[in-house]
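Here the structure comes first, spelled out in C-alpha coordinates, and everything after it is commentary.
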Amino acid sequence: MAKHRVPDELMFLVNRRAVQKTTDAPLTGKVCVISGATSGVGLSAARRLASGGAHIVLVCRNHEKAEGVRRELAAQHGVPVDIVIADFSDLDTVRRAGEVLLRDYPRIDVLINSVGLHSTSRILSPAGFELVFCVNHLGPFLLTHLLLEPMRQSAPARIIQVNSEGHRFGGLDLEDLDWKRRRYKGLKGYGASKVAQLLTVWEFADRLKGSGVTINAMHPGDVRTNIGNNNGPLYRWWLHNVTWHVLKDPIISGEALYYLAAAPEMAEVSGRFFHLTIDEKPAAPALDRELGRRVWDLSLEMTGLFRVPEDREAGR
Ligand SMILES: NC(=O)c1ccc[n+]([C@@H]2O[C@H](COP(=O)([O-])OP(=O)(O)OC[C@H]3O[C@@H](n4cnc5c(N)ncnc54)[C@H](OP(=O)(O)O)[C@@H]3O)[C@@H](O)[C@H]2O)c1
(Lines give C-alpha, C1' and ligand atoms only; values in the text may rest on other atoms or scores of the structure.)
Protein backbone atom coordinates (compact mmCIF):
# COMPACT_ATOMS: atom_id res chain seq x y z
CA MET A 1 0.00 0.00 0.00
CA ALA A 2 1.33 3.47 -0.91
CA LYS A 3 2.54 5.41 2.12
CA HIS A 4 0.90 8.83 2.58
CA ARG A 5 3.35 11.71 2.38
CA VAL A 6 3.17 14.13 5.31
CA PRO A 7 2.47 17.67 3.97
CA ASP A 8 5.37 20.11 4.42
CA GLU A 9 3.31 22.24 6.87
CA LEU A 10 2.99 19.26 9.22
CA MET A 11 6.54 17.95 9.02
CA PHE A 12 7.31 19.62 12.36
CA LEU A 13 5.13 16.93 13.97
CA VAL A 14 7.37 14.27 12.46
CA ASN A 15 10.60 16.15 13.15
CA ARG A 16 9.82 16.73 16.83
CA ARG A 17 9.80 12.95 17.33
CA ALA A 18 12.79 12.20 15.12
CA VAL A 19 16.19 11.14 16.37
CA GLN A 20 18.27 14.32 16.45
CA LYS A 21 21.85 14.71 15.24
CA THR A 22 24.71 15.28 17.66
CA THR A 23 28.40 16.00 17.43
CA ASP A 24 31.45 15.64 19.64
CA ALA A 25 33.47 18.14 17.59
CA PRO A 26 35.15 20.45 20.14
CA LEU A 27 34.75 24.23 20.33
CA THR A 28 37.92 24.71 22.36
CA GLY A 29 38.76 28.41 22.68
CA LYS A 30 36.09 29.50 20.20
CA VAL A 31 34.48 32.78 21.23
CA CYS A 32 30.73 32.14 21.42
CA VAL A 33 28.40 35.08 22.08
CA ILE A 34 24.98 34.04 23.39
CA SER A 35 22.08 36.41 24.05
CA GLY A 36 19.29 35.33 26.41
CA ALA A 37 21.67 32.98 28.21
CA THR A 38 20.32 33.46 31.74
CA SER A 39 17.43 31.04 31.26
CA GLY A 40 15.93 28.19 29.25
CA VAL A 41 17.24 27.54 25.75
CA GLY A 42 20.10 30.08 25.91
CA LEU A 43 21.27 28.82 29.30
CA SER A 44 21.20 25.23 28.07
CA ALA A 45 23.22 26.27 25.01
CA ALA A 46 25.74 28.13 27.20
CA ARG A 47 26.19 25.01 29.36
CA ARG A 48 26.66 22.72 26.36
CA LEU A 49 29.04 25.10 24.54
CA ALA A 50 31.07 25.56 27.73
CA SER A 51 31.31 21.76 28.06
CA GLY A 52 32.76 21.76 24.54
CA GLY A 53 35.51 24.16 25.66
CA ALA A 54 34.12 27.42 24.25
CA HIS A 55 34.92 30.89 25.59
CA ILE A 56 31.41 32.08 26.48
CA VAL A 57 30.20 35.67 26.26
CA LEU A 58 26.78 36.11 27.88
CA VAL A 59 24.70 39.02 26.54
CA CYS A 60 22.04 39.51 29.21
CA ARG A 61 19.90 42.21 30.82
CA ASN A 62 20.21 41.04 34.43
CA HIS A 63 23.74 41.23 35.80
CA GLU A 64 23.00 39.25 38.95
CA LYS A 65 21.50 36.33 37.01
CA ALA A 66 24.32 36.45 34.46
CA GLU A 67 26.88 36.43 37.26
CA GLY A 68 25.29 33.23 38.63
CA VAL A 69 25.59 31.61 35.18
CA ARG A 70 29.17 32.85 34.83
CA ARG A 71 30.16 31.31 38.16
CA GLU A 72 28.47 28.00 37.33
CA LEU A 73 30.08 27.65 33.89
CA ALA A 74 33.53 28.71 35.05
CA ALA A 75 33.42 26.29 38.01
CA GLN A 76 32.06 23.31 36.08
CA HIS A 77 33.93 23.67 32.81
CA GLY A 78 36.92 25.90 33.58
CA VAL A 79 36.29 28.06 30.52
CA PRO A 80 36.45 31.88 30.31
CA VAL A 81 32.99 33.41 30.72
CA ASP A 82 32.31 37.13 30.23
CA ILE A 83 29.18 39.23 30.67
CA VAL A 84 27.93 42.05 28.45
CA ILE A 85 24.75 43.84 29.48
CA ALA A 86 21.93 44.65 27.04
CA ASP A 87 18.19 44.99 27.39
CA PHE A 88 16.73 44.02 24.03
CA SER A 89 13.63 46.16 24.63
CA ASP A 90 15.96 49.18 24.47
CA LEU A 91 17.96 49.14 21.24
CA ASP A 92 20.42 51.77 22.50
CA THR A 93 21.66 49.24 25.05
CA VAL A 94 22.02 46.62 22.30
CA ARG A 95 24.05 49.13 20.29
CA ARG A 96 26.28 49.78 23.30
CA ALA A 97 26.71 46.02 23.85
CA GLY A 98 27.75 45.76 20.20
CA GLU A 99 30.38 48.45 20.75
CA VAL A 100 31.75 46.59 23.80
CA LEU A 101 31.89 43.34 21.82
CA LEU A 102 33.63 45.04 18.88
CA ARG A 103 36.16 46.60 21.25
CA ASP A 104 36.90 43.52 23.36
CA TYR A 105 36.69 40.61 20.91
CA PRO A 106 38.80 40.80 17.76
CA ARG A 107 37.33 37.42 16.83
CA ILE A 108 33.84 36.03 17.31
CA ASP A 109 33.32 32.48 16.11
CA VAL A 110 29.70 31.83 17.02
CA LEU A 111 26.71 34.10 17.71
CA ILE A 112 23.55 32.55 19.11
CA ASN A 113 20.54 34.82 19.65
CA SER A 114 18.22 33.07 22.08
CA VAL A 115 16.74 36.18 23.66
CA GLY A 116 12.95 36.17 23.44
CA LEU A 117 9.55 36.47 25.04
CA HIS A 118 5.85 35.81 24.51
CA SER A 119 3.33 38.34 25.72
CA THR A 120 -0.46 37.93 25.79
CA SER A 121 -0.92 41.70 25.88
CA ARG A 122 0.30 44.54 23.70
CA ILE A 123 3.14 46.36 25.42
CA LEU A 124 5.29 49.07 23.85
CA SER A 125 9.05 49.35 24.25
CA PRO A 126 10.49 52.69 25.49
CA ALA A 127 10.98 53.71 21.84
CA GLY A 128 7.38 52.78 20.97
CA PHE A 129 7.93 49.41 19.25
CA GLU A 130 5.66 46.48 20.07
CA LEU A 131 7.71 44.72 22.74
CA VAL A 132 7.74 41.16 21.37
CA PHE A 133 8.72 42.38 17.89
CA CYS A 134 11.46 44.49 19.43
CA VAL A 135 12.95 41.81 21.72
CA ASN A 136 12.51 38.79 19.43
CA HIS A 137 13.38 40.40 16.11
CA LEU A 138 14.74 43.97 16.15
CA GLY A 139 17.26 43.45 18.99
CA PRO A 140 18.79 40.24 17.58
CA PHE A 141 18.74 41.78 14.07
CA LEU A 142 20.70 44.78 15.35
CA LEU A 143 23.19 42.72 17.35
CA THR A 144 23.77 40.41 14.37
CA HIS A 145 24.47 43.40 12.12
CA LEU A 146 26.89 44.94 14.58
CA LEU A 147 28.88 41.70 14.84
CA LEU A 148 29.06 40.94 11.11
CA GLU A 149 32.45 42.57 10.61
CA PRO A 150 34.35 40.76 13.41
CA MET A 151 32.64 37.56 12.33
CA ARG A 152 33.77 38.04 8.74
CA GLN A 153 37.29 38.57 10.09
CA SER A 154 36.94 35.38 12.15
CA ALA A 155 35.57 33.27 9.29
CA PRO A 156 34.68 30.47 9.34
CA ALA A 157 32.02 31.64 11.79
CA ARG A 158 28.39 30.74 12.45
CA ILE A 159 25.28 32.69 13.44
CA ILE A 160 22.21 30.91 14.78
CA GLN A 161 18.91 32.68 15.43
CA VAL A 162 16.69 30.80 17.87
CA ASN A 163 13.38 31.05 16.07
CA SER A 164 10.22 29.00 16.54
CA GLU A 165 7.58 26.80 14.96
CA GLY A 166 5.44 29.67 16.30
CA HIS A 167 6.28 31.49 13.05
CA ARG A 168 3.43 29.35 11.65
CA PHE A 169 0.95 31.51 13.65
CA GLY A 170 1.65 34.31 11.14
CA GLY A 171 0.54 37.80 12.15
CA LEU A 172 3.10 39.90 10.26
CA ASP A 173 1.49 43.06 8.83
CA LEU A 174 4.06 45.62 7.73
CA GLU A 175 1.44 48.36 7.78
CA ASP A 176 0.68 47.65 11.43
CA LEU A 177 3.84 46.36 13.14
CA ASP A 178 2.81 48.12 16.36
CA TRP A 179 -0.70 46.61 16.40
CA LYS A 180 -2.41 50.01 16.46
CA ARG A 181 -5.09 48.95 13.98
CA ARG A 182 -5.57 45.30 14.99
CA ARG A 183 -6.57 43.74 18.30
CA TYR A 184 -3.36 42.28 19.72
CA LYS A 185 -3.22 38.51 20.01
CA GLY A 186 -0.22 36.98 21.78
CA LEU A 187 0.32 34.08 19.39
CA LYS A 188 0.03 36.35 16.35
CA GLY A 189 2.40 38.94 17.83
CA TYR A 190 4.87 36.17 18.59
CA GLY A 191 4.39 34.69 15.10
CA ALA A 192 4.97 38.09 13.48
CA SER A 193 8.31 38.52 15.25
CA LYS A 194 9.45 35.05 14.21
CA VAL A 195 8.34 35.42 10.56
CA ALA A 196 10.21 38.73 10.38
CA GLN A 197 13.33 37.12 11.83
CA LEU A 198 13.19 34.19 9.39
CA LEU A 199 12.79 36.52 6.42
CA THR A 200 15.89 38.44 7.49
CA VAL A 201 17.88 35.22 7.95
CA TRP A 202 17.52 34.54 4.21
CA GLU A 203 18.57 38.15 3.49
CA PHE A 204 21.61 37.88 5.78
CA ALA A 205 22.54 34.54 4.19
CA ASP A 206 22.52 36.10 0.70
CA ARG A 207 24.75 38.95 1.83
CA LEU A 208 27.14 36.57 3.62
CA LYS A 209 27.55 34.22 0.64
CA GLY A 210 31.24 33.45 0.08
CA SER A 211 32.31 35.15 3.32
CA GLY A 212 32.73 31.95 5.34
CA VAL A 213 30.09 33.19 7.79
CA THR A 214 26.91 31.12 7.86
CA ILE A 215 23.52 32.02 9.34
CA ASN A 216 20.68 29.64 10.15
CA ALA A 217 17.50 29.67 12.22
CA MET A 218 16.19 26.90 14.43
CA HIS A 219 13.22 25.79 16.54
CA PRO A 220 14.67 24.71 19.90
CA GLY A 221 12.03 22.05 20.65
CA ASP A 222 8.99 22.47 22.87
CA VAL A 223 10.78 22.83 26.16
CA ARG A 224 10.20 23.78 29.81
CA THR A 225 11.62 27.28 30.24
CA ASN A 226 10.59 30.61 31.72
CA ILE A 227 8.93 31.77 28.52
CA GLY A 228 5.43 33.11 29.18
CA ASN A 229 6.00 33.62 32.91
CA ASN A 230 5.66 37.37 32.40
CA ASN A 231 1.95 36.89 31.59
CA GLY A 232 -1.14 36.84 33.86
CA PRO A 233 -2.06 34.18 36.46
CA LEU A 234 -4.50 32.30 34.21
CA TYR A 235 -1.90 31.92 31.47
CA ARG A 236 0.70 30.83 33.99
CA TRP A 237 -1.71 28.31 35.55
CA TRP A 238 -2.32 26.79 32.09
CA LEU A 239 1.40 26.79 31.33
CA HIS A 240 2.41 25.04 34.53
CA ASN A 241 -0.53 22.67 34.96
CA VAL A 242 -1.31 21.66 31.40
CA THR A 243 1.34 22.55 28.79
CA TRP A 244 4.22 21.82 31.19
CA HIS A 245 3.55 18.06 31.09
CA VAL A 246 4.12 17.79 27.35
CA LEU A 247 7.21 19.99 27.28
CA LYS A 248 10.71 18.54 27.29
CA ASP A 249 13.93 19.30 29.12
CA PRO A 250 15.75 22.24 27.42
CA ILE A 251 18.86 20.08 27.43
CA ILE A 252 17.69 19.00 23.94
CA SER A 253 17.81 22.64 22.79
CA GLY A 254 21.39 23.05 24.04
CA GLU A 255 22.43 19.82 22.34
CA ALA A 256 20.84 20.93 19.04
CA LEU A 257 22.44 24.37 19.21
CA TYR A 258 25.79 22.72 19.88
CA TYR A 259 25.32 20.57 16.80
CA LEU A 260 24.49 23.59 14.62
CA ALA A 261 27.43 25.56 16.05
CA ALA A 262 30.08 22.83 15.98
CA ALA A 263 29.29 19.98 13.59
CA PRO A 264 31.81 19.86 10.72
CA GLU A 265 29.01 18.92 8.28
CA MET A 266 27.27 22.22 9.15
CA ALA A 267 30.31 24.34 8.22
CA GLU A 268 28.93 25.55 4.89
CA VAL A 269 25.20 25.22 5.47
CA SER A 270 23.52 28.63 5.49
CA GLY A 271 20.07 30.19 5.09
CA ARG A 272 18.16 27.18 6.44
CA PHE A 273 15.54 26.57 9.15
CA PHE A 274 16.07 23.60 11.45
CA HIS A 275 13.63 21.84 13.77
CA LEU A 276 16.25 21.19 16.42
CA THR A 277 18.79 19.65 14.01
CA ILE A 278 16.52 18.64 11.14
CA ASP A 279 16.28 20.82 8.04
CA GLU A 280 12.63 21.84 7.64
CA LYS A 281 10.58 23.95 5.23
CA PRO A 282 9.13 27.02 7.00
CA ALA A 283 5.56 28.28 6.45
CA ALA A 284 4.80 30.14 3.20
CA PRO A 285 4.84 33.76 4.56
CA ALA A 286 8.36 33.15 5.85
CA LEU A 287 9.45 32.22 2.32
CA ASP A 288 8.09 35.34 0.62
CA ARG A 289 11.32 36.97 -0.52
CA GLU A 290 9.63 40.16 -1.72
CA LEU A 291 8.13 40.58 1.75
CA GLY A 292 11.58 39.73 3.13
CA ARG A 293 13.22 42.62 1.30
CA ARG A 294 10.63 45.01 2.76
CA VAL A 295 11.16 43.56 6.26
CA TRP A 296 14.91 43.97 5.79
CA ASP A 297 14.60 47.64 4.87
CA LEU A 298 12.12 48.34 7.65
CA SER A 299 14.31 46.53 10.20
CA LEU A 300 17.34 48.61 9.13
CA GLU A 301 15.29 51.74 9.53
CA MET A 302 13.74 50.78 12.88
CA THR A 303 17.12 49.82 14.35
CA GLY A 304 18.76 53.00 13.02
CA LEU A 305 21.12 51.04 10.72
CA PHE A 306 19.70 52.30 7.42
CA ARG A 307 21.84 50.76 4.72
CA VAL A 308 24.61 48.23 5.22
CA PRO A 309 27.79 48.46 3.07
CA GLU A 310 26.80 45.38 0.98
CA ASP A 311 23.52 47.05 0.02
CA ARG A 312 25.22 50.34 -0.82
CA GLU A 313 27.74 48.57 -3.04
CA ALA A 314 25.04 46.54 -4.75
CA GLY A 315 22.93 49.70 -5.25
CA ARG A 316 20.09 48.20 -3.16
N1 LIG B 1 10.58 27.24 25.27
C2 LIG B 1 10.14 26.79 24.10
O3 LIG B 1 9.46 25.72 24.01
C4 LIG B 1 10.44 27.55 22.84
C5 LIG B 1 9.86 27.10 21.65
C6 LIG B 1 10.15 27.79 20.48
C7 LIG B 1 11.00 28.86 20.50
N8 LIG B 1 11.55 29.29 21.67
C9 LIG B 1 12.46 30.46 21.62
O10 LIG B 1 13.59 30.22 22.41
C11 LIG B 1 14.16 31.48 22.81
C12 LIG B 1 14.46 31.44 24.29
O13 LIG B 1 13.26 31.31 25.01
P14 LIG B 1 13.15 30.37 26.29
O15 LIG B 1 12.05 29.42 26.03
O16 LIG B 1 14.47 29.87 26.66
O17 LIG B 1 12.59 31.43 27.35
P18 LIG B 1 13.21 31.97 28.71
O19 LIG B 1 13.53 30.83 29.60
O20 LIG B 1 12.22 32.96 29.20
O21 LIG B 1 14.55 32.69 28.25
C22 LIG B 1 14.50 33.90 27.56
C23 LIG B 1 15.83 34.62 27.69
O24 LIG B 1 15.68 35.88 27.05
C25 LIG B 1 16.01 36.91 27.99
N26 LIG B 1 15.24 38.13 27.76
C27 LIG B 1 13.90 38.30 27.71
N28 LIG B 1 13.60 39.59 27.50
C29 LIG B 1 14.79 40.25 27.43
C30 LIG B 1 15.15 41.59 27.23
N31 LIG B 1 14.25 42.56 27.10
N32 LIG B 1 16.48 41.90 27.18
C33 LIG B 1 17.42 40.96 27.34
N34 LIG B 1 17.13 39.66 27.56
C35 LIG B 1 15.83 39.32 27.60
C36 LIG B 1 15.70 36.32 29.34
O37 LIG B 1 16.39 37.07 30.34
P38 LIG B 1 15.96 37.03 31.90
O39 LIG B 1 16.53 35.75 32.45
O40 LIG B 1 16.58 38.25 32.45
O41 LIG B 1 14.46 37.03 31.93
C42 LIG B 1 16.21 34.91 29.15
O43 LIG B 1 17.61 34.86 29.26
C44 LIG B 1 13.13 32.55 22.42
O45 LIG B 1 13.56 33.17 21.24
C46 LIG B 1 11.87 31.74 22.17
O47 LIG B 1 11.02 32.37 21.25
C48 LIG B 1 11.28 28.65 22.86
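Numbering of ligands and ligand atoms starts at 1, following listing order.
- Here the protein heavy atom with the shortest distance to atom 6 (C) of ligand 1 is Ser164 OG, 3.3 Å.
- Proximity of Asn136 to ligand 1 is not established, as no heavy-atom distance is less than 4.0 Å.
- Scanning the protein for heavy atoms near atom 40 (O) of ligand 1, the closest one is Arg61 NE, 3.0 Å.
- The distance criterion of under 3.5 Å between nitrogen or oxygen atoms is met by Gly36 with respect to ligand 1.
- Of the protein's non-hydrogen atoms, the one nearest atom 18 (P) of ligand 1 is Ser39 OG, 3.5 Å.
- Here the heavy atom of the protein found nearest to atom 34 (N) of ligand 1 is Val115 CG2, 3.5 Å.
- Between Asn226 and Ser39, the side chains place a donor N or O and an acceptor N or O closer than 3.5 Å (distance only, hydrogens not considered).
- Ion pairing between Arg294 and Glu290 fails under the 4.0 Å rule for side-chain N and carboxylate O.
- The shortest N or O to N or O distance between Phe88 and ligand 1 is below 3.5 Å.
- The proximity of Asn163 to ligand 1, defined as any non-hydrogen pair under 4.0 Å, is limited to the backbone.
- Per-residue contacts place His219 under 4.0 angstrom from the following atoms of ligand 1 (heavy atoms of the residue considered): 5 (C), 6 (C).
- Between Arg181 and Glu175, no side-chain nitrogen of the basic residue sits less than 4.0 Å from a carboxylate oxygen of the acidic one, so the salt-bridge criterion is not met.
- Polar contact check, Asp87 against ligand 1: a nitrogen or oxygen pair lies under 3.5 Å apart.
- Glu130 and Lys185 are not joined by a salt bridge, as no carboxylate oxygen comes within less than 4.0 angstrom of a charged side-chain nitrogen.
- Residue contacts with ligand 1 include Ala86, since one or more of its heavy atoms lies under 4.0 Å from the ligand.
- Rounding to the nearest 0.5 Å gives a distance of 8.5 Å between CG of Leu276 and CG of Leu257.
- Of the protein's heavy atoms, Val41 N, 2.8 Å lies nearest to atom 16 (O) of ligand 1.
- Within the structure, ligand 1 lacks Gly228 among the residues with a heavy atom less than 4.0 angstrom away.
- Of the heavy atoms in Lys65, only side-chain atoms (C-beta onward) come closer than 4.0 Å to ligand 1.
- Taking any N or O of Lys194, backbone or side chain, at least one lies under 3.5 Å from an N or O belonging to ligand 1.
- Side-chain atoms of Ser299 and His137 form a donor-acceptor pair, as typed in the model, at a separation below 3.5 Å.
- Donor-acceptor pairing under 3.5 Å is lacking for the side chains of Tyr235 and His240.
- Between the side chains of Gln161 and Thr144, at least one donor N or O sits under 3.5 Å from an acceptor N or O.
- Using modelled atom types and a 3.5 Å distance limit, the side chains of Asp82 and His55 yield a donor-acceptor pair.
- Less than 4.0 angstrom separates some heavy atom of Gly221 from each of these atoms of ligand 1: 2 (C), 3 (O), 4 (C), 5 (C).
- For Lys248 and Asp222, the salt-bridge test fails: no basic side-chain N is under 4.0 Å from an acidic carboxylate O.
- The distance from ligand 1 to the heavy atoms of Asp222 drops below 4.0 Å at these ligand atoms: 3 (O).
- Near Tyr190, with a cut-off below 4.0 Å to any heavy atom, the atoms of ligand 1 are 6 (C), 7 (C), 8 (N), 9 (C), 46 (C), 47 (O).
- Counting only N and O atoms by type, the side chains of Asn231 and Thr120 include a donor and acceptor under 3.5 Å apart.
- Nearest non-hydrogen protein atom to atom 15 (O) of ligand 1 is Thr225 OG1, 2.6 Å.
- A salt bridge does not link Glu99 with Arg96: every distance from a Lys NZ or Arg NE/NH1/NH2 to an Asp or Glu carboxylate oxygen is 4.0 Å or more.
- Polar contact check, Val223 against ligand 1: a nitrogen or oxygen pair lies under 3.5 Å apart.
- The contact set between ligand 1 and Gly40, taken as ligand atoms under 4.0 Å from a residue heavy atom, comprises 16 (O), 19 (O).
- The structure places NZ of Lys209 at 4.5 Å from CG of Asp206, a figure rounded to the nearest 0.5 Å.
- Checking each of Leu117, Val59, Leu131 against Phe88 for a side chain to side chain contact (heavy atoms under 4.5 Å, CB included) leaves exactly one that passes, namely Val59.
- A donor-acceptor contact under 3.5 angstrom links the side chains of Asn113 and Ser35, judged on distance only.
- Contact analysis leaves Cys60 out of contact with ligand 1, as no non-hydrogen atom separation drops below 4.0 angstrom.
- Between Leu117 and ligand 1 there is no heavy-atom distance shorter than 4.0 Å.
- Taking a cut-off of under 4.0 Å to the non-hydrogen atoms of Ser89, the atoms of ligand 1 that pass are 31 (N).
- At under 3.5 Å, a nitrogen or oxygen of Thr38, whether backbone or side chain, sits near a nitrogen or oxygen of ligand 1.
- Counting the atoms of ligand 1 from 1 in the order shown, those under 4.0 Å from a heavy atom of Val162 are 9 (C), 10 (O), 11 (C), 45 (O).
- Here the CE-CG distance, from Met302 to Asp178, works out to 5.5 Å after rounding to the nearest 0.5 Å.
- The distance criterion of under 3.5 Å between nitrogen or oxygen atoms is not met by Pro220 with respect to ligand 1.
- For ligand 1, the polar-atom distance check finds no N/O of Gly42 at less than 3.5 Å from any of the ligand's N/O atoms.
- Interface of Gly116 with ligand 1, defined as ligand atoms under 4.0 Å from a residue heavy atom, comprises 22 (C), 24 (O), 27 (C), 44 (C), 45 (O).
- The shortest heavy-atom distance from Ser114 to ligand 1 is under 4.0 Å.
- Using a 4.0 Å cut-off between charged nitrogen and carboxylate oxygen, Glu203 and Arg207 count as a salt-bridge pair.
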